[in-house]
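Written below as structure tokens is the structure these notes are about.
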Amino acid sequence: MNKYIFPENFKWGAAASGIQTEGITNKANESIWDLWHNKSPERFYRGIGSSLVTDTYNRYEEDVQLMKKVGFNSFRTSIQWSRLIKNYETGEVCQDAVEFYNNYLDEMIANGIEPMMNLYHFDMPAELQEKFGGFESKKVVDLYVDYAVKAFELFGNKVKYWITFNEPIVPVEGGYLYDFHYPCKKDGKLAVQVGYNIILAHAKAVKEFHKLNIEDSQIGVVLNLTPSYTRDEREEDQKAAWYADLLFNRSFLDPMVKNEIPQELCDVLAEQGVTPETTEEEIACITSAKIEFLGVNYYVPRRVKAREAEYELDYFTPEVYFENYVNPEGRFNPYRDNNEILPTAIHDIAMNVKDNYGNVPWFLAEIGIAMDEASEGKPDENGIIDDTFRTDLMKEHLIQLHRAIEDGANCFGVHQWTFIDNWSWTNSFKRRYGFYRLDLETGNRIPKKHGVWFKELATTGSFEG
Ligand code: FCB
């Protein structure tokens with residue numbers, strides 16, 4: 001048995017998002033998720049859309065108490081653009097939303113839970129998608145910045161950690177390459193433009209945030225990062241991994257953290273005929289918008305090999321340069337579509353941030369261990385669900401994070417995905433990740449054993465394993 005001690009004032013908690021938790025009570029407008037679910041409910045697991053969620057809008061007081069019970073000292077969620085802003089053009093806010101977010105934030109703060117607020121978690125307002133193409137358009141970039149400024153002005157005195165985007169590459173992949181987010185387009189050139197426009201929206205919001213000079217408040221971004229591991233050392237695989245890393249990691253990390261646009265990225269995009277439209281002024285903004293911290297989401301490692309089969313799509317995707325690869329010797333999670341389990345990736349990510357990104361302060365913003373409801377089983381006689389599988393895996397990942405901190409990683413916290421089992425896009429409630437189970441029929445929150453372990457971890461800042 002070893003004892004793993006984490007730094008003082010480490011942040012412990014969970015992450016969630018507005019749309020995945022709040023529910024639709026009193027919502028000013030719809031997001032693309034409402035719109036898409038209305039159009040195509042069959043795209044969602046068991047047909048369940050984002051109206052069946054944890055109902056945080058009505059239950060936030062009770063839920064903050066549940067956060068305390070499992071020892072959180074911090075919590076990330078997001079403001080919904082489509083809840084806060086009533087009229088996107090004039091910027092008129094929905095007073096009910098202002099009241100709700102104020103109350104929710106006050107409740108967290110009064111209970112010793114530091115709120116970290118994200119501004120965009122895949123939830124484009126439906127109207128802006130339908131009228132202007134969402135982030136396809138630079139007009140929407142500016143409307144996002146107006147919304148961000150509104151949020152800073154309204155809640156800036158309560159929120160010390162602002163996040164511009166969660167996993168900004170995911171709406172690009174889902175909406176424009178691989179068909180798992182609305183608008184379900186498959187267009188490599190548009191995908192690159194959307195990616196660029198999101199980076200621009202982030203940079204402009206960061207600049208506006210700094211102009212406001214809000215005391216004791218910082219801004220950052222949350223990226224999903226994984227190294228690209230290869231089959232073996234052969235040169236063509238190393239090259240494949242280099243491309244995957246350039247297109248999936250460095251494409252966002254370099255501009256957002258280092259304020260650099262890699263020349264190699266420009267060359268690759270030009271080679272593929274998918275160079276986005278940019279202006280000098282925009283590039284100057286992107287290359288000078290400094291963030292104070294980074295959030296890293298990690299679930300599964302990416303594995304690639306050199307292309308063997310011919311590339312068959314008639315539009316650009318990063319897979320032009322590699323094929324995905326399943327490690328025959330890998331360990332897999334039987335409860336999540338056989339996803340590979342690789343805790344050492346956390347150490348690799350941390351060393352990359354340390355060595356190549358100025359060791360920017362960062363936190364593990366999502367680490368999620370999925371199980372389905374059947375494998376978590378029923379509550380025992382004390383009403384608790386035994387999810388020891390989750391705790392054991394969490395320990396393995398935290399041991400790697402601890403090793404990284406000993407090796408100089410500048411990590412200041414860990415947030416698990418998620419707090420109460422929540423609705424997860426087209427997967428709906430297929431996978432469960434929470435400290436509490438959500439009973440879909442009654443809305444009851446049922447505690448899981450992992451929370452007992454986590455409370456001890458969060459309150460002592462250490463665990464034995
Ligand atoms: C992440 C998302 C989050 C959640 C988990 C399962 O990629 O940030 O919203 O759905 O996956």
Side-chain angles (χ1 to χ4, degrees), residues 13-23 31-34 36-37 43-46 48-50 52-54 56 75-82 116-124 163-175 177-178 180-182 198 202 220-226 248-249 252 294-302 333 335-341 345-346 349 362-373 375-376 387 390 393-394 397 414-438 450:
S17 78
I19 186 168
Q20 293 177 273
T21 55
E22 286 169 12
S31 80
I32 50 171
W33 293 94
D34 308 297
W36 193 24
H37 184 256
R43 293 295 310 265
F44 295 77
Y45 183 69
R46 296 195 175 145
I48 300 174
S50 67
L52 177 63
V53 290
T54 44
T56 305
F75 180 67
R76 166 166 69 108
T77 185
S78 65
I79 293 173
Q80 287 192 76
W81 189 353
S82 56
M116 301 173 88
M117 292 307 269
N118 170 28
L119 292 167
Y120 191 89
H121 202 120
F122 313 162
D123 55 337
M124 177 59 68
I163 291 152
T164 54
F165 284 89
N166 174 74
E167 302 186 347
I169 199 170
V170 170
V172 178
E173 296 173 325
L177 294 174
Y178 311 123
F180 62 91
H181 281 196
Y182 196 77
I198 292 178
H202 154 89
V221 67
V222 170
L223 302 179
N224 47 321
L225 300 177
T226 154
F248 288 116
N249 296 328
F252 285 80
L294 171 69
V296 173
N297 293 354
Y298 173 73
Y299 290 79
V300 292
R302 179 187 306 284
N333 177 351
Y335 308 126
R336 192 193 158 173
D337 300 343
N338 272 330
N339 271 327
E340 188 175 350
I341 297 168
I346 303 249
I349 295 168
W362 67 279
F363 75 117
L364 196 52
E366 280 180 33
I367 165 138
I369 295 161
M371 298 173 75
D372 56 33
E373 190 174 314
S375 53
E376 278 183 345
D387 60 343
R390 178 170 286 121
L393 270 189
M394 186 59 125
H397 286 83
V414 171
H415 279 179
Q416 179 178 312
W417 185 270
T418 189
F419 167 41
I420 301 169
D421 287 345
N422 63 34
W423 177 83
S424 202
W425 324 109
T426 54
N427 282 323
S428 192
F429 286 95
K430 184 173 170 196
R431 297 167 185 150
R432 304 298 184 121
Y433 293 87
F435 287 87
Y436 294 89
R437 173 176 298 170
L438 179 70
H450 181 66

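Counting starts at 1 for both ligands and their atoms, following the listed order.
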Separation between OG1 (Thr226) and CD (Glu340), nearest 0.5 Å, reads 9.5 Å

Option whose closest heavy atom lies nearest to atom 11 (O) of ligand 1, chosen from Trp425, Tyr299, Trp417, Tyr298:
Tyr299

For Glu167, take its heavy atoms, then give the atoms of ligand 1 lying under 4.0 Å from any of them.
1 (C), 2 (C), 7 (O), 8 (O)

Can you name the atoms of ligand 1, numbered from 1 with element, that are less than 4.0 Å from a heavy atom of His121?
2 (C), 3 (C), 8 (O), 9 (O)

Only residue of Trp425, Trp81, Phe165 satisfying ring-ring contact (aromatic ring centres under 6.0 Å, His included) with His121 is Trp425

Give a yes/no on ligand 1: does Asn224 have at least one heavy atom closer than 4.0 angstrom to it?
no

For Gln20, state whether at least one heavy atom is located under 4.0 Å from any atom of ligand 1.
yes

Per-atom contacts, ligand 1 versus Ser424 - under 4.0 Å to a heavy atom:
4 (C), 6 (C), 10 (O)

re atom 2 (C) of ligand 1, the protein heavy-atom contact at minimum distance is Glu366 OE1, 3.5 Å

Can you give me the closest heavy-atom contact between Gly434 and Asp421, atom names plus distance?
N-OD1, 2.8 Å

Correct closest heavy-atom pair for Ile346 and Ile367 would be CD1-CD1, 4.0 Å

With heavy atoms under 4.0 Å as the rule, classify the contact between Asn427 and ligand 1 as side chain, backbone, both or neither.
neither

Suppose I only count heavy atoms of Tyr433 and a 4.0 Å limit; which atoms of ligand 1 are within that range?
6 (C)

Exercise: identify the closest heavy-atom pair between Arg390 and Ala370:
NH2-C, 4.2 Å

Can you check whether Trp36 and Phe44 have ring centres sitting under 6.0 Å from each other?
yes

Are side-chain N/O atoms of Arg76 and Asn166 paired as donor and acceptor at under 3.5 Å?
yes

